[in-house]
Participant: 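Take this structure first; my questions come after.
Convention: sequence-line order gives letters A, B, ...; per-chain numbering from 1.
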Amino acid sequence: MLKLQDVFKTYEGKAEVTALSGINLTIGAGEMVAIMGPSGSGKSTLLNLMGGLDVPTSGQVMVGGKDLAKESEKGRSLFRRSKVSYIFQAYHLMPTLRVSQNVALPLHLAGVPAGEIAQKVARVLREVGLDGRTNHLPDELSGGERQRVAIARALVTDAPLLLADEPTGNLDTARGEEILSLLRSIHRERGTTIVMITHDHHAASACERLIRLRDGKVEDDGAVAGGGR
Amino acid sequence: MRFLLRTLSLSYVRRHLAKTTLTLLGVVVGVTTFSSIRSAQETLVKGIRSTVDRVAGKAHLQITMVGGVPEEMQEKVRSLSGVRATSPVIEQIVVTEKGELGSLMVIGIDLLGDREMREYGFEGEDADLDDPLLFLSQPDSAIFTRDFAARVGLKTGDTLSLRLPAGVKKVAARGLLTPKGFAEAFGGNLMVMDVYAAQDLFGRGRRFDRIDVRLEEGVSIGQGTATLQKALGPAYRVETPSRRGEQMERLVGNFISGFNISSGFALAIGTFLIFNAFNVAVNRRRRDIGTLRALGATPRQVRTLFLSEALIIGILGGAIGCLAGTAFSQGLLRMMGQTTETVYGISGSGVVTLPPGVALQSMLLGVLASLVGAWGPALVASRISPTEAFAKGVFQTRAPGHAAPRILAGLVLFGVSVLLALHPPFAGNVFILSVVITGAIGLVLLVTPLSRALLIMAVPLVSKAAPVAGRLSSDALLGNPRRSSGTIMAMALSLTFVLGLGGYMGSTKSTMVRWMDDVLTCDLFVRASANFTRPDFLFPGALREELLSVPGVKAVESYRGIRPIYRGQQILVGSIEMGGVLDRTKYEFLQGNEQAMRSGLTLEGKCAVSENFFGRFGLGVGQQVELDTPSGTVRFPIVAVIRDFSSDQGSVFIDRSTFLRLWHDDRVDVYDVSIKSGTDPGKVRDLIRRKLAGEFPALVSTRQEFKDEIGKAIDAFYALMRITVFLAVGVAFLGIVTSLLISVAERSREIGILKALGAVPQQIGLSIVGEALVLALVGLVIALPAGDLFASFMEGPVAKTFTGWGMPHQYPWDILGQLLVSLPVISALAAWVPARQGVRLKGTEAITYE
């Protein structure tokens, strides 16, 4: 599913910052992987590269057999539209759009017919348990509900890869547990490959595999004991 | 895209209604100015043409001559073969005693013979007109259109007071015309009277303004023209009415096309307001853009979203602008009409309706201005990467593009603009537009790096002036180069216009005042008419002797100006007793000298020409001007080229003796009266007034009064340009307000932190005011040289294109002084609302802003 080979990422500025330094990784289809590491270890940069939001300074980022580093801006946008979906810690919902409109957004961008959009949106909202909240604005929802909207938006395109950047970071324990449980069921029932950044050991334990980063390098990569509960 | 527009864009509009209104205002201001100017221009031109056409009736040809057509020519024309009917006409624009009724066109015609030429639909119980002889026997008889009569509340038998050179005169309504055909001329503000009564009323002597000719059936216009021209000689013009209309259009064309500068500037203003507003929108919506991009929106989709918004704003603003333009255009038409009447003696009247062509042009320009303004920000939006959008503060602090290519392109374009101005490869409007556009784009490209450098230089000064608030202002300005340079750009361009146009107007006026001081040196001016170009009364030549006999009068010169068409332009041929004039005036000679002019004009029948005549026709000393006179075509050798501002079309001066000899017309426009030293001009003026009272209409002015009147005419000519200058200052004001509102919004978090750290409201407020002052100051510093160059361009090549005069360049110090006083006040005012917003921000809310 995902293969990163000798990936380097540096940011130029007054002082050059190396975010990733020679990453080599392979993630198979249907895996659920947690990435952990201290602040500045390169977790978010790695996730951005996997989703084609950014390109490496050098190296290969192969997703579904396609090297994202060689893709144009437009090519990467089209790739994101169909092959990958995101969940952010800060949700990144459009504050002025209603729940159903937020979920429908990627389908509108892809030019999906209106009738099909309505069906798909209704289905995923039911799946995440928000079918009674379709006309609410994000401000009218709790943090957990907002993250469910973000998950519904990620599911609606049926993308095989789901990237989650600290999905429980802004939530209390109970709401966090609900989200993790939802992600696990998505993984189990849809076979979606999930890569999740987290600071939380409990969240990481929901995954089957844990990759630890430090100073832009893979420090440790292995199965989570008792993971994937 | 429709979904995004309906949801994202619409919700942004709802949340930021004030900013959206401001954006819309940008298009509305531009389109309103453009459409009102274009509508007024078209109505004026159409009004002139339709008045000529309608008044002409069934006339195939019209015969005119400078100074008027002698009465006896009517018989001569009537006897020519191919001529079916002739009708003498006198045309005069007057105002009613109650000036608010507007101008009234008086047509003097021979009612007995005119029915072959024009159809009169009389209305009501017009018993007087059943017997035209009775009508003619009463010289105060007048016929009005039904519309005009209704507006004034006039019935048959009522009298109407007209303001005439001889004073207020009453005329009696003895008939009403149905407002169709002929009666629709001059927007229906028409009064018909007997041609011979009109001769007396308007001092035409035994002359008509023209003779209308209807040809026999089967005689072509070409044949008729040839027959008449052959019989009458070259001093007479034989033209079709439509050609005469075209001629008039050409005359006012230069004046009205000068308004295009204002209209172009207004559109540029609109574009900048849109640019600014979209910059704000992109800035505020960058997280939404980031989310869209993360969800798979392509750069093109993002760009299309913003451009679609611009398109909608353009269409909406264009429509509102068209409506507002129609409302303003009537006033503008009145202003243009008054000036063309004063300067060219040509009047057009009418009610402005928005012509479909102008509406379409305005809408298209509104859309274009909107798209051009939004293009840059839309491009920036499409390039925002999701990672950058989600990172706090990265977008704001990003410098706008690479400096080196921008500076290079700016320098090249600015250089091209200067080169074009110095060595014009083409002429006319294309030349002016190419210089202004390349110069403006060059300046826009250079403003960003320049403003950055200037801001860095200003930082220590501001910090020194107010250690805390100054530091905060400097940080805000340098921290967001994109926002600062956008505002400074609008500011610099506006102030460049202010300095350039203001400098040009100042230079023109001061040059003309200097010229008046040098040339208008006699003590009193005795005129029969207030209109300089189309006098409604002329004095007899013999009056000079009477004036000379007034106690205290030392010398009198008789000035007569006629305006013949020369190579398609209506030039001025001025005649006066040149010997006396040269004794008391100080002409500035561009070619030749006073001695050559004196002997050439007074002894040899030669001529002198004005600088703009020389510029327009390329004729100077050693060459000849060929003029058609009643004595035939005469070649006048040129002995001098002098600086003179009597006519913007060019002037030729001859001695009065030459004029009398060749034109056989001794009538006089103005008597220049010099008084004996030690005599009180006021007393002599009163004596002259007393002497002429009841005999002639006479306006007797002292030198200063006369100059003041000319000064007012110059001011009227530049009225719209002055409005443009105010508009430019308004734009600068709006630019600062927008920029500071963005600044406060963007710095909400920073302001919250500062408050948490103990900053007092006064420091926050002062820092925002300081930001405004620095923006204005940097804009002004950039505009100083640019405005000077623009003023030079206006005074030189532009003035020469429109008037043939080149004005000597002088730095607009007075405007600069006014700006130095007003800009800080304007900037502080512009900062008022944003500063209040900043001060009132709650610390806790502000900290969580992002």
Participant: Does any backbone or side-chain atom of Phe79(A) lie under 4.5 Å from a heavy atom of chain B? Answer side chain, backbone, both or neither.
Facilitator: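 For Phe79(A), no heavy atom lies under 4.5 Å from chain B.
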Participant: Measuring heavy-atom distances to chain B, does Arg153(A) have an atom under 4.5 Å in its side chain, in its backbone, in both, or in neither?
Facilitator: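 The side chain, not the backbone.
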Participant: Is Leu105(A) close to chain B through its backbone or its side chain, or both, or neither, when contacts mean heavy atoms under 4.5 Å?
Facilitator: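 Contact with chain B is through both the backbone and side chain of Leu105(A).
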Participant: Might you confirm whether atom CG of Asp67(A) has over 12 heavy atoms from other residues, nucleotides or ligands at distances under 6.0 Å?
Facilitator: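 Yes, enclosed.
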Participant: Looking at Arg293(B), is its backbone amide N or carbonyl O close enough to the side chain of Arg80(A) to form a donor-acceptor pair, meaning the two atoms are under 3.5 Å apart?
Facilitator: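 Such a contact is found between Arg80(A) side chain and Arg293(B) backbone.
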Participant: Can you check whether His92(A) reaches Leu295(B) side chain to side chain, under 4.5 Å on heavy atoms?
Facilitator: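 No - every pair of side-chain heavy atoms lies 4.5 Å or more apart.
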Participant: Identify the two heavy atoms, one from Ala294(B) and one from Phe88(A), that lie closest to each other, and give their separation to 0.1 Å.
Facilitator: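 Residues Ala294(B) and Phe88(A), closest heavy atoms: CB-CZ, 3.9 Å.
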Participant: So, Glu73(A) side chain and Pro299(B) main chain: donor-acceptor pair closer than 3.5 Å or not?
Facilitator: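 Side chain of Glu73(A) to backbone of Pro299(B), a donor-acceptor pair under 3.5 Å: no, none is there.
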Participant: Taking everything shown except Lys9(A) itself, do over 12 heavy atoms lie less than 6.0 Å from its NZ?
Facilitator: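 Counting neighbours around NZ of Lys9(A), more than 12 heavy atoms of other residues, nucleotides or ligands fall under 6.0 Å, so yes.
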Participant: More than 12 foreign heavy atoms under 6.0 Å from CZ of Arg214(A): is that the case here?
Facilitator: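 Open: at most 12 neighbouring heavy atoms sit under 6.0 Å from CZ of Arg214(A).
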Participant: How far does OG1 of Thr298(B) sit from NZ of Lys74(A), to the nearest 0.5 angstrom?
Facilitator: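 Between Thr298(B) OG1 and Lys74(A) NZ, I get 6.5 Å after rounding to 0.5 Å.
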